[in-house]
Structure formats: C-alpha cells, structure tokens
Amino acid sequence: MISLGPVRRLVVASLCLLVLFSLSVAHPHGEALAKADDPWLSTRDERIAWWTDARFGMFIHWGLYAIPAGEWNGKRVPGIGEWIMHRAPIKPRDYQPLAQRFNPTKFDADAWVRLMKDAGCRYFVITTKHHDGFALFRSDVSDYDIAATPFGEGNNRDIMRELADAARRHGVRIGWYHSVMDWRHPDYLPRRKWDDRPTEGADFDRYRVYLHAQVEEILNNYGPIDIIWFDGEWEASWTHEHGIALHEHCMEQNPKLLVNNRVDKGRKGMQGMNRSGQFRGDFGTPEQEIPETGFGEKVYWESCMTMNNTWGYKKHDKNWKSTRTLIRNLVDTSSKGGNYLLNVGPTAAGEIPTASQERLRAMGKWLAKHGESIYGTSAGPVAGGKWGRTTMRGRDDGNTDIYVHVFDWPADSRLLVPGLTNKVLAASGLGEGEASRRVAAESTPEGLVLTLGTEPWDAHASVMKVTIAGAP
C-alpha cells in the first residue's frame with residue numbers, strides 16, 4: 001500500500017527519531033507546553049499580520065469524492081459530500097478504484113486563481129489530502145496520490161504545483177489543508193466500524209511518521225507556502241503531544257508559516273476556539289458559524305463556511321446561500337475581528353460550480369466599491385445589531401475611520417450608532433454615484449447619529465465612512 005525508496009526510508013527514519021524526541025520532552029500529563037517565549041508564539045503577531053489584513057479567503061474541498069458526487073450504487077447518500085466514504089459506507093477496497101477514474105480535464109489553475117481575484121479573496125486553502133486518504137499531490141511515500149490517476153500518470157501533472165504557480169503569478173497567498181485522520185491508511189487507528197480490515201499489526205506511530213513525511217512534502221515541494229490547515233484531530237488516537245510534535249515539525253520547515261489550531265487538541269467542537277489552557281496553533285477555526293462576539297485583541301480566528309450544505313461537491317445540493325447573506329457574513333466576521341473562509345466544491349471534471357462563481361463575482365463587485373471597509377480593518381467599536389455592523393481603522397494623525405455597514409435601512413433615514421460619542425470630523429458614503437455624497441453625522445450623548453437618504457444605495461450592505469476625533 002505504501003512504497004518507500006531508499007532516500008525516503010532515511011528521511012522516515014529521521015522523522016521517527018524526531019517523533020520520539022518530541023514525545024520524550026512533552027509534559028507527562030498532557031498539559032500545554034506553550035510559553036510566551038516559545039519562538040512560534042513570540043513571532044505570531046508578525047507572521048499573521050498579512051492574514052488579518054486579508055480578511056477573506058477561499059476554501060476548496062476537492063478529491064475523489066467529487067466523482068460519486070453524493071450518490072453510491074444509484075442511491076443518494078445523506079450528509080456532506082466529502083464524507084461519502086464514511087456515510088455510505090464504502091470499504092477502502094471499494095473506494096480506492098475511484099482514483100482510476102479521476103481525470104479532471106477541465107481543471108485550469110489559472111482560471112481558479114483569477115476567480116479568487118475577481119471575488120476579492122486574498123488567499124486560499126485547498127485539501128491536499130482529506131479523510132479518505134487520497135493525495136491531490138505527488139507523494140514519494142504513497143502510491144495513493146495524483147500520480148496514480150489518469151490525470152497525473154501520463155503527463156506528470158500535479159494539482160498543487162499548478163495552483164501554487166498560478167497563485168504566485170496573481171499575488172494570492174497559498175494554503176494547504178491536510179487531514180490528520182486517514183480512513184484508508186493501514187496504520188491509522190481507530191478504524192471505522194464498517195472497515196473489515198484486520199487491525200493486527202497496525203501501528204499508529206508508524207502512521208504518524210507517514211503523516212510527517214507527507215506534510216514535509218507539501219511544505220517543501222512547492223516553494224514556501226503561507227498556511228497549513230489541519231483537520232481530523234478529534235479522535236482519541238491523536239494527542240496533545242502529537243500536536244506539539246507536528247506543529248514543531250511544520251515550523252522547522254518554514255518559520256513564517258501559519259498553522260491553525262486543529263494541529264492540537266484544544267478546539268471546543270464546531271465553535272472552533274480553544275478551551276482554557278495553552279495549545280498550539282495561530283488561529284481558531286469556527287465551523288459553519290460566526291461567533292456572537294469577537295474575542296479581543298490578538299485572538300485570531302477564521303469562520304469557515306459553505307455556500308450550500310456541503311463542502312465536497314454534491315450534484316443534488318442546490319441550497320445556495322444568497323449573495324446578500326454571503327456579503328453580510330463577510331461583514332459580520334470582519335466586524336468582530338475575524339476572517340471569512342468561504343468554500344467551493346469543484347466537480348470531478350475540475351470546474352467550480354456556476355452558482356459558486358456567480359456569488360463570488362458578485363462579492364468581488366461589492367468589495368471593489370467597499371473593500372476599504374473590510375481589508376486591513378479591525379473589529380468595530382460598536383457590537384452592531386439588526387441595523388448592521390461596524391469596522392474601523394486607525395489613522396496616522398491619531399484619529400479613527402469608522403465604517404458603518406447598514407443592513408436594515410431606517411424608515412426615518414436616521415440611524416443611531418449607540419455609544420460612539422467622539423467628535424465627528426467627516427462623514428460620507430462609500431461606493432459610486434449617490435453613495436459618494438456626504439452623509440450628515442452628529443455626535444450625541446446617546447451615540448453617533450447618521451442622517452441618510454430615503455433608500456439604501458447598495459442592495460446588500462450600504463457603507464458609511466465616518467472619521468472621528470481620536471480613538472473610539
């Protein structure tokens with residue numbers, strides 16, 4: 001199942017020593033070991049600065065599961081598309097032949113990255129390997145990879161290579177998703193209940209060496225990347241000590257790398273943020289939800305969400321969120337100091353669904369007019385409510401630009417932004433045409449009062465820019 005050349009065997013042996021050393025220095029009770037003077041922690045604010053400015057990224061779930069597209073043996077399988085192996089369920093020996101059918105002839109890395117640019121995404125994260133164990137890259141430690149498909153076998157193509165090259169051409173930051181969990185690998189434990197392969201001889205530490213080797217490949221074979229996004233860490237076989245060892249291995253490969261918190265065991269379910277204690281990872285990962293509030297300065301997080309109900313492609317899932325919802329989700333995360341990682345699930349042919357493309361381009365048009373209120377901003381001074389959200393940016397002169405995103409237009413054209421009592425220096429609308437006119441604004445004991453027009457000038461979210469004296 002796994003082929004190792006002599007050079008790779010030497011690397012794997014070295015990784016075994018690294019794993020054993022990491023385990024030997026870990027706290028015996030599994031308590032968090034991160035201290036303020038740990039190199040990764042002391043450099044985090046500097047490493048993550050570009051990411052907090054970016055605010056908006058594209059998530060891409062793609063793999064063999066796009067071939068059945070939510071159906072198996074002629075029946076629809078409930079649940080998310082990339083979990084079809086688990087949900088159907090499908091034994092590894094029956095799922096693995098899908099690799100011989102993976103031939104995405106319509107895949108165009110440059111077109112994908114141009115779509116990211118059109119949407120206003122500043123970075124992307126793609127599944128290099130999901131829980132099914134198939135690698136979308138060329139791996140020297142496995143024969144279950146893109147090289148074993150009709151797409152990669154005859155013409156030496158590598159999806160990660162093509163995407164990395166296209167991203168650098170267009171100035172988009174690069175992120176690799178990689179699953180800790182692996183339903184196919186013979187040494188991964190625990191096995192699924194439906195997996196009838198014998199567990200005798202399975203060795204989870206040997207699997208960890210394989211995992212480290214593949215992570216080393218994706219971090220070194222495509223030039224320096226920006227993010228590695230782990231997942232599948234929740235099973236009991238993965239421990240805090242394992243997370244420390246993998247995190248340190250990543251940082252040794254690239255000290256400027258960002259690593260999400262799913263490398264470790266601190267995550268509190270889908271809320272995505274760590275429970276109390278010190279755990280590895282640069283940012284939290286709320287899934288399919290946006291927290292009710294932010295978490296304060298220098299607590300970094302990113303809400304990952306789907307456009308419909310699935311991450312991996314399902315041909316029958318047409319439950320698309322509206323463009324308005326997606327734009328307001330982006331505004332909501334930004335207003336609380338977070339990032340928005342919005343998913344697409346390409347088809348087996350390598351095309352991003354038309355419905356996804358339409359919504360992304362509409363988001364890009366909104367950002368072309370209002371991006372100043374999103375990129376490089378911080379959490380707003382007012383929590384917001386049904387009426388909308390706020391973001392802000394400090395100015396070099398010591399004053400502050402407040403961006404008021406209006407969702408629910410006031411019937412009397414007067415909007416109160418409560419609690420913001422600073423002196424108003426200037427106010428205007430963002431956008432084109434009517435929005436460029438000045439907005440009447442005054443400071444009152446109750447807060448900032450904006451006098452607007454009778455109708456919103458943007459169908460999704462109208463934005464006012466208000467410059468106030470000093471900090472809010």
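FYI, side chains are in, hydrogens and waters are out, and symmetry mates aren't considered; it's all heavy atoms of this structure. Fair warning: this is a prediction, and the values are worked out from it, not measured in the lab.
In this structure a side-chain-to-backbone donor-acceptor pair under 3.5 Å is missing from T421 to P445. Side-chain N or O atoms of S335 include none that pairs as donor or acceptor with a backbone N or O of T391 at under 3.5 Å. Remark: side-chain polar atoms of K265 are paired, donor with acceptor, to backbone N or O of W238 under 3.5 angstrom. Within the 3.5 Å criterion, the main-chain N or O of F230 finds a donor-acceptor partner in the side chain of N260. Remark: the backbone N or O of W457 is paired with a side-chain donor or acceptor of S462 at under 3.5 angstrom. At least one donor-acceptor pair under 3.5 Å links the side chain of T310 to the backbone N or O of G81. H249 places no side-chain N or O within donor-acceptor distance of the main-chain N or O of L246, the cut-off being under 3.5 Å. Without hydrogens or angle criteria, T400 side chain to G470 main chain gives a donor-acceptor distance under 3.5 Å. Panel note: side chain Y375, backbone G120; a donor-acceptor pair is recorded below 3.5 Å. No donor-acceptor pair under 3.5 Å is formed between the side chain of E233 and the backbone N or O of V180.
Under the 4.5 Å side-chain criterion, counting only non-hydrogen atoms from C-beta, E248 is not in contact with M251. Between D401 and T377 the shortest side-chain heavy-atom distance does not fall below 4.5 Å. A 4.5 Å side-chain heavy-atom check between F59 and E302 finds every atom pair outside the cut-off. Looking at heavy atoms from C-beta onward, L360 lies in side-chain contact with V344 at the 4.5 angstrom threshold. For the pair W234/M181, a side-chain contact is recorded, criterion being any heavy-atom separation below 4.5 Å from C-beta on. The shortest distance between side-chain heavy atoms of D231 and H131 falls below 4.5 Å. Annotation: side chain of I80 is not in contact with side chain of N309 (no heavy-atom distance under 4.5 Å). You'll find the side chain of H130 stays beyond 4.5 Å of the side chain of W311, heavy atoms only.
Between D110 and R114, at least one side-chain N (NZ, or NE/NH1/NH2) sits under 4.0 Å from a carboxylate O, which counts as a salt bridge. Salt bridge status for D332 with R328: absent, with no side-chain N to carboxylate O gap under 4.0 Å. Using a 4.0 Å cut-off between charged side-chain N and carboxylate O, D53 and R122 make no salt bridge. Between E287 and R262, at least one side-chain N (NZ, or NE/NH1/NH2) sits under 4.0 Å from a carboxylate O, which counts as a salt bridge. Between D412 and R414 there is no salt bridge, since no side-chain nitrogen of the basic residue lies less than 4.0 Å from a carboxylate oxygen of the acidic one. Between D118 and R361 there is a salt bridge, with a side-chain nitrogen of the basic residue lying less than 4.0 Å from a carboxylate oxygen of the acidic one.
To the nearest 0.5 angstrom, D132 atom CG is 8.5 Å from S179 atom OG. The CH2 atom of W40 sits 15.0 Å away from the CD atom of E252 when rounded to the nearest 0.5 Å. Within the model, atoms CH2 of W176 and CD1 of I218 stand 8.0 Å from one another, a figure rounded to the nearest 0.5 Å. Interatomic distance, L136 CG to I159 CD1, rounded to the nearest 0.5 Å: 4.5 Å. The structure places NZ of K423 at 14.0 Å from CD of E442, a figure rounded to the nearest 0.5 Å. With rounding to the nearest 0.5 Å, the separation of CG in D458 from CH2 in W409 is 9.5 Å.
Here the closest non-hydrogen pair linking L257 and C250 is CD2-CB, 3.9 Å. Summarising the geometry of I327 relative to A362, their closest heavy-atom pair is CD1-O, 4.4 Å, with the distance given to 0.1 Å. When all heavy atoms of E216 and Q253 are compared, the closest pair comes out as CG-OE1, 3.6 Å. Of all heavy-atom pairs spanning K336 and W301, the tightest one is O-CZ2, 3.5 Å. Considering all non-hydrogen atoms of both residues, F102 and A348 come closest at CE1-O, 4.5 Å. Taking every heavy atom of both residues into account, S139 and D145 meet most closely at N-OD2, 2.7 Å.
Side-chain contact of H316 with E71: a donor-acceptor pair under 3.5 Å is present, judged by distance alone. Looking only at atom types and distance, the side chain of N221 has no donor-acceptor partner in the side chain of R138 under 3.5 Å away. Side chain to side chain, S443 and N422 fail the donor-acceptor criterion of an N or O pair below 3.5 Å. Between the side chains of H247 and D264, no donor N or O sits under 3.5 Å from an acceptor N or O. The closest side-chain donor-acceptor pair between S373 and H405 falls under 3.5 angstrom.
More than 12 heavy atoms of other shown residues, nucleotides or ligands fall within 6.0 angstrom of atom NZ in K321.
Among F107, F124, Y313, the single residue meeting the ring pair (Phe, Tyr, Trp, His ring centres under 6.0 Å) criterion with W62 is F107. If you run ring pair (Phe, Tyr, Trp, His ring centres under 6.0 Å) between W183 and each of Y95, Y144, W83, only W83 comes through.
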For R184 and F134, what are the C-alpha separation, side-chain angles and deciding distance, and is it a side-chain contact (heavy atoms from CB on, under 4.5 Å)? CA-CA 8 Å; R184 172 211 175 256; F134 176 76; over 6 Å; no
Check the pair R393 / E372 against side-chain contact (heavy atoms from CB on, under 4.5 Å), numbers first and verdict last. CA-CA 9 Å; R393 178 186 289 105; E372 178 187 341; 3.9 Å; yes
Between W366 and V331, is the side-chain contact (heavy atoms from CB on, under 4.5 Å) condition met? List the steps. CA-CA 11 Å; W366 185 89; V331 171; 3.8 Å; yes
Tell me, with the steps shown, if E289 and M270 meet side-chain contact (heavy atoms from CB on, under 4.5 Å). CA-CA 8 Å; E289 63 181 76; M270 294 301 185; 4.1 Å; yes
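Cation-pi contact between R44 and Y300: absent, since separation from the ring centre below 6.0 Å together with deviation from the ring axis within 45° is not met.
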